[in-house]
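Below you'll find the structure, written out as C-alpha cells, and then a few comments.
Throughout, numbering of the chain's residues begins at 1 and tracks the sequence. It should be emphasised that the depicted structure is a prediction, and the values quoted were computed from it without experimental measurement.
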Amino acid sequence: MSRISGVLDALRAAGRKAYIPYVTAGDPDLETTLEVLTALVENGADIIELGVPFSDPMADGPVIQLACERALARGVTLRDVLRLVEEFRGRHADTPLVLMGYLNPLERMGYAEFAGQAAAAGVDGVLVVDMPPEEAPALRQELSSRAMDLVFLLAPTTTEARARRIVEQASGYLYYVSLRGVTGAGNLQVDEVAARLEVLRKLTDLPIGVGFGISDADSARAVAAVSDGVVIGSALVQRIADCAQNGESAPAVIGAFSRGIRDALDEAGGGA
C-alpha cells in the first residue's frame, strides 16, 4: 500500500475529509517553499501537491502561471524540485507528497531515471496534467514498481467511457476538476459536482478529491460535504506571492489559512 492510500484509508475510516494543498516549487524561492510545506503539514494538510515549474502550464490560470514564471526565472528545475522533496522528507516522514506538472520534463529526464530519483527523494505520487491514459502505461509501470501512485484528472466534460479508461490507469486518488476552466476560475456549482461524483463512484473505489474554484473555508466545506477531499492551489499561491511583495511571512500566512480550511473540512466530515 502506498503512503497516499494509507492516509486516505485512515481518513475514510474516521469519517474525515482530505485537505490537499498545492504550491509551486521555487516561488518565491526553494527555501521559502520548504518552510511553507512544513507550515502546511503542521496545520492539517493530509497530502501535498507540489507543482513542478513549467513554461506552458496549460491547465493553470494566471496565478499559477506567474508562479511558474517566477520559479523558472530563478532557474528552478525538476532536479531542484526532487532535492527539495528530499529535504522535506527529512523533516516529515509521514505526509504524502505528489508532484504535479507536465509531461515534457519527465520525458526529457526519462521515465526510469525520473521514477528512480523521485522514489529515492520520497515522492509518493505523480500527476501529469497533459498525459492521456493511452500513453500512461510506461510511466505507470515505472512508478508502481517503486510504490508510487499515478494520479489523474477528470473533468465535467469527461465522458463515462473516457472515465473508465482513466480509472484503469489511476491509483492513489482521482482529482476531479470542479468546473470548465483553468485553476483559480470561479462559478463553482456544488450540486453539479455532487451529481458528477455520484456517477464516477460507480466506476471506481478510489477516493475523489475536488479542485479548481475552491478558495476559502466556505467553498471547501461545501465541496467536502460531497467529496473525499478538496484541493486548493491558486488561493495559496496568491497568498505566497502577496507575502513576497509585502514582506510578510509566507509560512505564517499559509499556516493560518490552512488551519481555517482544516477546521472547515472537519466540520463537513464530522471529524475532531
Side-chain angles (χ1 to χ4, degrees), residues 20-43 45 47-92 95-110 113-131 182-184 211-212 215 231-258:
I20 309 175
Y22 165 97
V23 296
T24 303
D27 179 44
D29 53 63
L30 291 166
E31 294 78 11
T32 300
T33 302
L34 180 60
E35 298 306 323
V36 166
L37 296 178
T38 292
L40 290 169
V41 173
E42 292 174 347
N43 288 278
I47 298 169
I48 296 174
E49 292 182 352
L50 181 62
V52 178
F54 185 59
S55 58
D56 187 22
M58 65 186 73
D60 295 299
V63 170
I64 295 177
Q65 287 180 21
L66 289 169
C68 285
E69 289 179 9
R70 290 189 292 266
L72 290 171
R74 296 184 69 89
V76 175
T77 67
L78 175 56
R79 295 183 190 277
D80 292 326
V81 177
L82 292 173
R83 284 190 285 270
L84 173 63
V85 173
E86 188 173 7
E87 290 187 66
F88 169 82
R89 191 57 70 208
R91 295 187 183 186
H92 307 289
T95 303
L97 193 146
V98 174
L99 292 187
M100 183 172 180
Y102 294 83
L103 187 56
N104 184 273
L106 276 61
E107 288 192 327
R108 182 166 183 174
M109 181 178 285
E113 182 179 353
F114 165 73
Q117 292 200 20
V123 172
D124 298 287
V126 178
L127 196 167
V128 186
V129 174
D130 54 347
M131 171 173 275
V182 295
T183 55
F212 286 44
S215 60
V231 183
I232 299 181
S234 294
L236 293 167
V237 174
Q238 184 62 61
R239 282 170 169 79
I240 293 169
D242 291 343
C243 288
Q245 285 279 352
N246 59 31
E248 286 187 90
S249 166
V253 169
I254 295 303
F257 176 80
S258 293

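Under a 3.5 Å cut-off, the side chain of Asp130 and the backbone N or O of Leu103 do form a donor-acceptor pair. For the pair Arg89 (side chain) and Thr95 (backbone), a donor-acceptor distance under 3.5 Å is present. The closest donor-acceptor contact from the side chain of Asp124 to the backbone of Leu97 lies under 3.5 Å. Between the side chain of Gln65 and the backbone N or O of Asp60, at least one donor-acceptor pair lies under 3.5 Å.
When all heavy atoms are compared, the tightest approach of Glu248 to Val253 is OE1-CG2, 3.9 Å. Of all heavy-atom pairs between Phe257 and Ala235, the closest is CZ-CB, 4.1 Å. For the residue pair Thr24 and Ala67, the shortest heavy atom distance occurs at OG1-CB, 3.7 Å. Cys243 and Ala250 get closest at one heavy-atom pair: SG-CA, 3.7 Å. Between Pro53 and Cys68, the closest heavy-atom pair is CA-SG, 3.9 Å. Residues Ala25 and Ala71 approach most closely at O-CB, 3.4 Å, considering heavy atoms.
Taking CG of Leu106 as the start and CG of Leu78 as the end, the distance is 6.0 Å to the nearest 0.5 Å. Between Leu40 atom CG and Leu236 atom CG the span is 6.5 Å, to the nearest 0.5 Å. Residue Leu50 holds its CG atom at 7.0 Å from OG1 of Thr33, rounded to the nearest 0.5 Å. To the nearest 0.5 angstrom, Glu87 atom CD is 11.0 Å from His92 atom NE2. Distance check, rounded to the nearest 0.5 Å: CD of Glu35 to CG of Leu30 gives 12.0 Å. Atom-to-atom distance recorded for Leu34:CG and Arg83:CZ is 14.0 Å, nearest 0.5 angstrom.
When side chains are defined from C-beta on, Leu72 counts as touching Ser55, because their heavy atoms get closer than 4.5 Å.
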Kindly indicate, with the supporting measurements, whether the criterion side chain to side chain contact (heavy atoms under 4.5 Å, CB included) is fulfilled by Val85 and Leu99. CA-CA 9 Å; Val85 173; Leu99 292 187; 4.0 Å; yes
Could you walk me through whether Phe114 and Val123 pass side chain to side chain contact (heavy atoms under 4.5 Å, CB included), step by step? CA-CA 11 Å; Phe114 165 73; Val123 172; 5.8 Å; no
CA sep, side-chain torsions, deciding dist, call: Ile48, Phe88, side chain to side chain contact (heavy atoms under 4.5 Å, CB included): CA-CA 11 Å; Ile48 296 174; Phe88 169 82; 4.2 Å; yes
Steps toward side chain to side chain contact (heavy atoms under 4.5 Å, CB included) verdict (Tyr22, Ile64): CA-CA 10 Å; Tyr22 165 97; Ile64 295 177; 3.6 Å; yes
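Taking the charged nitrogens against the carboxylate oxygens, Glu113 and Arg79 do have a contact shorter than 4.0 Å, which makes a salt bridge. Between Asp242 and Arg239, none of the side-chain N atoms (NZ, or NE/NH1/NH2) sits under 4.0 Å from a carboxylate O, so this pair counts as no salt bridge.
With respect to Val36, the side-chain contact (heavy atoms from CB on, under 4.5 Å) criterion is satisfied by exactly one of Val41, Val23, Asp27: Val23.
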